[in-house]
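A short worksheet on the structure shown next.
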Amino acid sequence: MIGIAPPAWDTSRPEPEHEGDILGPHRVAARARVHSHSEDLRRLLAPLPGLIAAGRYLEAATRAQIAANHAVLWHAGIFSSALLDSALRDLGAAALPTSRRRVRPRGEQLRILHVATAVAGIGGHTRMMWRWIGCDRGNIHSLALTRQSDPVPALLTEAVASSGGGIRQINRTPGGILQWARRLQSEIGDADLIVLHTHNMDIIPLLALAGMRERPPVALLDHADHAFWA
C-alpha cells in the first residue's frame with residue numbers, strides 16, 4: 001500500500017468471528033476509524049493540483065502541510081501518498097525555482113548539512129546527531145532547523161562548533177512555509193551532502209529540494225518507519 005492513494009475501505013465486509021474474541025468490537029471500531037481518516041485525507045489532498053496550477057502557492061503549501069500532519073497523526077491506512085509527494089515536487093518547482101549551488105575544488109573537507117525539524121535534550125534522535133558529528137572529525141557539519149522553539153542542546157551546539165560548522169534556525173526569521181523553504185535552499189546550496197533528520201510531516205525541506213534544479217546528494221534518516229512519511 002506504499003505510495004498509493006488512500007484505499008477505498010470496504011466497511012460492509014464483516015470481521016471474522018472467533019469464540020471468546022473480546023477484541024472483535026474494537027477491530028470493527030478501529031477499521032471504521034481508519035476509513036474515516038482515509039476519507040479526510042482524500043478530501044485534503046484533492047484540491048492540491050488545482051491550487052498549484054492556479055498559482056495559489058501559499059494556500060497549496062498550507063493545505064499540503066495540514067494533509068501531512070493528518071496522515072502522520074491519524075493513520076489513514078497508508079505509509080506514503082503518491083499524490084502528496086507529486087504535489088510537493090510540483091509546488092517546490094513552481095514556487096521556489098533556483099539553481100544555486102556553490103561548487104568547491106576537490107580535496108576540501110565535505111560540508112555536511114544536517115536538516116532537522118526540531119531537536120531536544122531528551123531522546124536518542126538528537127544524541128545520534130551529535131555523536132555522528134563527533135565521530136566524523138574529517139568533515140564540517142552544520143545544522144539547519146525548520147521549526148525549533150526550545151534552546152538547542154549544548155552538546156549538539158558544541159559538536160557542530162567543534163567541526164567548524166554553524167547552526168541556522170530557519171523559522172526564527174519572519175515568514176512561513178514558503179519563505180522558510182527559500183531560506184533553507186541557500187543553506188543547502190552551500191553543502192556537499194544533505195542529511196534529513198526531519199519529522200515525518202515536515203514539508204519545508206521537501207519543498208526546498210524540489211525547487212532546486214541542482215542539489216547535492218540527500219540522505220533520509222528513517223527514524224519512524226512505523227508511520228506515514230511525506
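With hydrogens and angles ignored, the 3.5 Å screen pairs a side-chain donor or acceptor of S142 with a backbone N or O of G166. Under a 3.5 Å cut-off, the side chain of N139 and the backbone N or O of Q109 do not form any donor-acceptor pair. Looking at S162, its side chain never comes within 3.5 Å of a backbone N or O of A159 through a donor-acceptor pair. The backbone N or O of M212 lies less than 3.5 Å from a partner atom in the side chain of R215, making a donor-acceptor pair. The closest donor-acceptor contact from the side chain of S36 to the backbone of A32 lies at 3.5 Å or more, if one exists at all.
Residues R147 and W180 come closest through the heavy atom pair NH1-CZ3, 4.1 Å. Nearest heavy atom pair, residue A87 against residue I52, reads O-CD1, 3.4 Å. Scanning all heavy atoms of the two residues, the minimum distance from V119 to P153 falls at CG2-CD, 3.7 Å. For the residue pair A181 and L96, the shortest heavy atom distance occurs at CB-CD1, 3.6 Å. Across L196 and P205, no two heavy atoms sit closer than the pair CD2-CB, 4.0 Å. Minimum interatomic distance between A93 and P97 (heavy atoms only, all atoms of both residues): O-CB, 3.6 Å.
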Could you walk me through whether F228 and S81 satisfy the side-chain contact (heavy atoms from CB on, under 4.5 Å) test, starting with their C-alpha distance in whole Å, then the side-chain angles of each, then the deciding distance to 0.1 Å, before giving a yes or no? CA-CA 9 Å; F228 179 95; S81 165; 4.0 Å; yes
List the steps and the verdict of side-chain contact (heavy atoms from CB on, under 4.5 Å) for V34 and W74. CA-CA 8 Å; V34 171; W74 291 278; over 6 Å; no
Decide yes or no on side-chain contact (heavy atoms from CB on, under 4.5 Å) for T117 and H197, but give the supporting numbers first. CA-CA 7 Å; T117 305; H197 304 259; over 6 Å; no
Side chain to side chain donor-acceptor pair (under 3.5 Å) between T146 and D202, worked out: CA-CA 8 Å; T146 63; D202 190 353; 2.6 Å; yes
Could you walk me through whether W229 and D222 pass side chain to side chain donor-acceptor pair (under 3.5 Å), step by step? CA-CA 9 Å; W229 274 94; D222 183 358; 3.1 Å; yes
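Rounding to the nearest 0.5 Å gives a distance of 12.0 Å between CD of Q65 and CG of L44. Annotation: the span from L51 atom CG to L91 atom CG amounts to 9.5 Å, rounded to 0.5 Å. Here the OG1 atom belonging to T98 is positioned 5.5 Å from the CD atom belonging to Q185, to the nearest 0.5 angstrom. Here N200 contributes atom CG and N69 contributes atom CG; the two are 10.5 Å apart, rounded to the nearest 0.5 Å. Rounding to the nearest 0.5 angstrom, the gap separating the CD1 atom in I133 from the CG atom in L155 is 11.5 Å. The CG atom of N171 lies 12.0 Å from the CD1 atom of I177; values are rounded to the nearest 0.5 Å.
If you chain together hydrophobic residues whose side chains sit under 4.5 Å apart, Y57 and L84 fall into the same group. L206 and V72 fall within the same hydrophobic cluster, defined by Ile, Leu, Val, Met, Phe, Trp and Tyr side-chain heavy atoms under 4.5 Å apart, directly or through other members. Hydrophobic clustering, with ILVMFWY side chains joined whenever heavy atoms are under 4.5 angstrom apart, groups V218 together with V115. Note on L193 and L110: same hydrophobic cluster, where clusters join Ile, Leu, Val, Met, Phe, Trp and Tyr whose side-chain heavy atoms are under 4.5 Å apart, directly or indirectly. Linking Ile, Leu, Val, Met, Phe, Trp and Tyr whenever their side-chain heavy atoms come within less than 4.5 Å puts L73 and L41 in one cluster.
Taking 4.5 Å as the limit, some side-chain heavy atom of E39 sits within range of a side-chain heavy atom of R43. Two residues are said to be in side-chain contact when any heavy atoms from C-beta on lie closer than 4.5 Å; D192 and L113 fail this criterion. Inter-residue side-chain proximity for T126 and W130 is flagged as met; some heavy-atom pair is nearer than 4.5 Å. Contact check for D190 versus R111: no side-chain heavy atoms found under the 4.5 Å cut-off. Between I170 and R172 the shortest side-chain heavy-atom distance does not fall below 4.5 Å. At least one side-chain heavy atom of L83 sits less than 4.5 Å from a side-chain heavy atom of P49. Contact annotation: the side chain of I194 never approaches that of P217 to less than 4.5 Å [non-hydrogen atoms, C-beta and beyond]. The shortest side-chain heavy-atom distance between L145 and I167 falls under the 4.5 Å cut-off.
In this structure, H223 has its ring center under 6.0 Å from that of H125. When ring centroids are compared, H141 and H114 come within the 6.0 Å threshold.
Residues Q179 and R182 have side chains that never bring a donor and an acceptor to within less than 3.5 angstrom of each other.
Scored by the salt bridge (charged side-chain N to carboxylate O under 4.0 Å, His left out) test, E158 finds no partners at all (sequence neighbours excluded).
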